[in-house]
**Q** 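Here it is, the structure in full.
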Amino acid sequence: MPDKIRAYAPIFYKVHLMVRTRFAPSPTGYLHIGGVRTALFNWLFARKHGGQFILRIDDTDQSRNVDEALQPILDGFRWLGIDWDEGPEVDGPHAPYFQSQRTEKYQAAVKKMLTNGTAYKDYSRTEEIQAERETAQAEKRTFVYSRRWMAETDEQAAVFEAEGRTAVVRLKMPREGTCLIPDLIRGDVEFEWAHEQDMVIQKADGTCLYHLASVVDDAELEISHVIRAEEHLSNTPRQIFISQSLGYELPQYAHLPYVAEPGSKNKLSKRKIPKYLKNQDFKKLYDHGERIATRCDRELSEDTFNPVIVDFYRDIGFLPHAIINYLLLLGWSLDGETEEFTTEEMIAAFSLERVIKSPASFDPTKLTAFQQREMDKLDLKKKSALCVPYLQQAGLLETPPACDTGPYLNDIITATENRITVAGDILDYDDFFTVDASLPYDAKAFAKRLVNTEGAQQLLIEFRDTISELDDFNVESIEQTMREFVEAKDIKFGEIIHPVRVSTTGKPVGFGLFETLAILGKDRCINRMNLALESAQNEPPQAESE
RNA sequence: UCCUCCGUAGUCUAGUGGUCAUGAUAUUCGGCUUUCACCCGAACGACCGGGGUUCGAAUCCCCGCGGAGGAACCA
């Protein structure tokens with residue numbers, strides 16, 4: 001290591017015997033996709049080294065109901081399979097894991113720093129600090145507080161208090177030398193102490209702030225590696241200062257690039273959905289979700305239905321492993337070739353050295369491709385079990401399902417082959433669960449195939465009569481019948497296929513038609529054809545609008 | 001304005017002085033097919049810019065440019 005000049009005490013990085021990482025979410029009521037990636041990397045690193053992963057709740061600044069705001073986050077992690085060794089609901093030797101319940105520790109730390117001269121009481125007023133800040137900016141230099149209202153003795157404090165001032169506690173940062181952070185991802189990063197601020201660590205009302213709390217807790221919880229998003233890199237010098245002032249040994253630091261918006265390098269944010277919707281890929285994902293959620297009668301507010309939040313994916317039927325696998329490759333790679341990892345493989349392969357330094361845009365299309373792969377690996381039983389709740393939520397299936405729906409649903413899912421990307425896609429096949437009389441028709445397809453095509457209705461009538469003679473109504477017999485029908489009438493396949501599909505399913509597209517008819521059964525097919533013919537005959541031909 | 005980080009196809013990435021610059025995904029075209037999807041075949045597409053070092057630079061150095069983060073009594 002080069003011989004760096006450090007005005008402050010030399011930095012000792014602790015050699016930890018046990019790897020302990022943490023993720024420290026604020027109870028915001030939702031689990032952000034970027035937060036999941038940070039947590040995932042922490043989790044993988046801990047698992048890889050046989051260490052512990054700790055969940056700590058950063059509720060230093062929360063007035064809301066923490067329980068309510070925390071539950072979705074814990075549920076999200078559990079769904080994804082990211083388990084924690086210590087934290088809410090599991091507790092552990094360092095409990096409590098809520099910062100709001102650890103305030104005495106922070107108060108004690110402030111007291112210690114005040115005593116050893118690494119922090120001071122400051123009686124400045126907000127406007128006064130602001131004025132200094134503006135002056136600095138006008139002079140094009142880094143703002144550094146003049147410490148004009150600093151009080152290091154009781155006498156000084158008494159003078160300021162007599163003026164009606166109240167105190168905050170500030171860090172008394174070094175003003176020369178450099179702070180070197182040996183970041184496990186970025187290498188050595190240097191900051192000049194002279195550019196660092198005398199950060200407030202305790203507010204006038206006596207409550208302690210994030211940086212102090214975070215450092216105290218990391219030390220108390222014996223965190224060995226602080227793996228977090230890069231927006232904290234600039235915060236690290238002040239945290240190192242706090243750490244050293246308190247006599248702690250330093251953890252190893254690793255700063256991850258943030259997850260960026262689709263098609264840009266801005267940080268992904270929950271509140272910018274309207275903007276993201278201008279991105280085609282993002283819109284496609286959103287619309288896909290909306291189609292499913294609408295059918296399930298779900299609320300579509302930004303808080304409950306938002307692709308930046310993990311719940312979105314769970315609610316429309318993504319597989320957790322698809323998300324994990326995708327997120328793993330968003331900012332990390334093994335070799336530029338390998339893409340699919342089981343959880344065990346991820347744990348074995350993961351290393352901080354191979355984390356990418358630059359921010360990565362969230363790509364909904366690629367995530368969907370991972371999802372498709374995961375779905376294709378599922379056997380019929382699992383796929384079916386995932387689909388049932390969607391049919392129930394859409395009111396297409398009873399709860400519990402009638403005993404004969406199992407095989408029926410299995411036939412449908414088998415016939416869909418790989419057309420179901422997310423479990424909610426089963427709702428694309430709602431026509432199998434609708435009573436004949438209320439089957440909706442795709443207006444355009446109905447007009448094209450049954451109204452505007454001359455002779456289509458007559459062909460359908462004849463085909464209906466032909467299949468009504470069939471004793472064995474199965475895929476093979478239906479196919480044979482139709483092929484013979486086509487030959488006998490000397491027509492093209494499409495001339496009968498399309499009217500039949502539209503009349504029996506109401507849709508222009510779907511899986512194999514012979515399978516479709518066989519699953520519906522003879523009676524329903526004939527009934528639906530009759531109903532469609534009736535509608536078609538009542539509808540005058542129209543010019544097609546294209 | 002100051003400080004710090006980052007910059008390879010649309011997107012995610014491989015690459016550490018010599019490669020036809022890797023793979024994936026997306027897109028386009030063709031094939032298969034009753035539609036859609038799958039599958040098969042092909043194509044398109046990138047080293048932020050400028051200087052330097054070197055026989056040779058995506059790779060090392062310098063200067064720009066662009067993007068992001070920090071400069072809170074937020075986290």
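In this text the structure is predicted, and so the values were computed from the model without any measurement.
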**Q** In terms of side-chain heavy atoms of A/F514, which of B/G15, B/U11, B/U34 is nearest?
**A** B/U34

**Q** Is the phosphate of B/C12 approached by A/K265 (side-chain N or O, under 4.0 Å from OP1 or OP2)?
**A** yes

**Q** Within 45 degrees of the axis of the six-membered ring of A/F511 and under 6.0 Å from its centre: does A/R419 put its NZ or CZ there?
**A** no

**Q** Does any nucleotide pair with B/G64 by Watson-Crick or G-U wobble geometry, both distances under 3.5 Å, and what is it?
**A** B/C48

**Q** From B/U11, B/A72, B/U4, pick the nucleotide closest to the side chain of A/D363?
**A** B/U11

**Q** Hey, are A/K377 and A/E340 close enough for a salt bridge, meaning a charged N less than 4.0 Å from a carboxylate O?
**A** yes

**Q** Is there a donor N/O on one and an acceptor N/O on the other, under 3.5 Å, for the side chain of A/R141 and the base of B/U1?
**A** no

**Q** Closer than 4.0 Å, any side-chain N/O of A/K203 to the OP1 or OP2 of B/C74?
**A** yes

**Q** Kindly determine whether A/T516 and A/L520 satisfy side-chain contact (heavy atoms from CB on, under 4.5 Å), including the steps that lead there.
**A** CA-CA 6 Å; A/T516 301; A/L520 283 170; 4.2 Å; yes

**Q** Need the pair for B/C39. Rule: Watson-Crick or G-U wobble, both distances under 3.5 Å, any strand; none if unpaired.
**A** B/G31

**Q** Quick one: does A/R22's side chain have a donor or acceptor within less than 3.5 Å of a partner on A/D218's backbone?
**A** no

**Q** So, does A/N235 get its side chain near the phosphate of B/G70, meaning an N or O under 4.0 Å from OP1 or OP2?
**A** no

**Q** Please name the residue in the list A/R165, A/R133, A/R148 that meets the side-chain hydrogen bond (donor to acceptor under 3.5 Å, both in side chains) test with A/E128.
**A** A/R165

**Q** Both distances below 3.5 Å, Watson-Crick or wobble geometry, any strand: find the nucleotide opposite B/U19.
**A** none

**Q** Choosing from B/A26, B/U34, B/A72, which nucleotide comes nearest the side chain of A/F493?
**A** B/U34

**Q** For atom C1', what is the distance between B/U59 and B/G52, given to the nearest Å?
**A** 15 Å

**Q** One pair to check against salt bridge (Lys or Arg N to Asp or Glu O under 4.0 Å): A/K267 and A/E231. What are the steps and the verdict?
**A** CA-CA 10 Å; A/K267 205 163 83 174; A/E231 57 252 41; 2.9 Å; yes

**Q** Using atom P of each nucleotide, how far apart are B/G50 and B/G69 to the nearest Å?
**A** 28 Å

**Q** How far does the C1' atom of B/A46 sit from the matching atom of B/A58, given to the nearest Å?
**A** 10 Å

**Q** Quick one: is A/S361 getting a side-chain N or O under 4.0 Å of the B/C12 phosphate, OP1 or OP2?
**A** yes

**Q** Please measure how far the P atom in B/A68 lies from the corresponding atom in B/C63, and state the result in whole Å.
**A** 23 Å

**Q** Can you tell me the distance, in whole Å, between the CD atom of A/E127 and the C1' atom of B/A72?
**A** 15 Å

**Q** Is the base of B/A24 touched by the side chain of A/K366 through a donor-acceptor pair closer than 3.5 angstrom?
**A** yes

**Q** Please say which of A/Y326, A/F350, A/W332 ends up in a ring-ring contact (aromatic ring centres under 6.0 Å, His included) with A/F341.
**A** A/W332

**Q** Kindly write out the residues that satisfy salt bridge (charged side-chain N to carboxylate O under 4.0 Å, His left out) with A/E132, not counting sequence neighbours, or none if the list is empty.
**A** none

**Q** Provide the distance between the two C1' atoms, one in B/A57 and one in B/G17, to the nearest whole Å.
**A** 7 Å

**Q** With nearest nucleotide decided by heavy atoms, which residue, A/G263 or A/Y210, maps closer to the 5′ end of RNA chain B?
**A** A/G263

**Q** Rounding to an integer number of angstrom, what distance separates B/A21 and B/U16 when you compare their C1' atoms?
**A** 14 Å

**Q** Give none if B/U1 has no partner; otherwise give the nucleotide forming a Watson-Crick or G-U wobble pair with it, both distances under 3.5 Å.
**A** B/A71

**Q** Ignoring backbone atoms, establish whether A/R238 has a side-chain N or O less than 4.0 Å from OP1 or OP2 of B/A75.
**A** no

**Q** Both distances under 3.5 Å, Watson-Crick or G-U wobble: report the partner of B/U25, or none.
**A** B/G10

**Q** Donor-acceptor pair under 3.5 Å: do we get one between A/S234's side chain and the base of B/G69?
**A** yes

**Q** Quick check on RNA chain B: between A/A136 and A/E337, whose nearest nucleotide comes earlier from the 5' end?
**A** A/A136

**Q** Is a donor-acceptor pair below 3.5 Å formed from side chain A/H211 to base B/A75, judging by atom type as modelled?
**A** yes

**Q** Please encode protein proximity along nucleotides 36-50 of chain B as a string of B, S and -, counting only heavy-atom distances under 4.0 Å.
**A** BBS------------

**Q** Would A/R102 and A/F98 count as a cation-pi pair here, with the cationic atom under 6.0 angstrom from the ring centre and within 45° of the axis?
**A** no

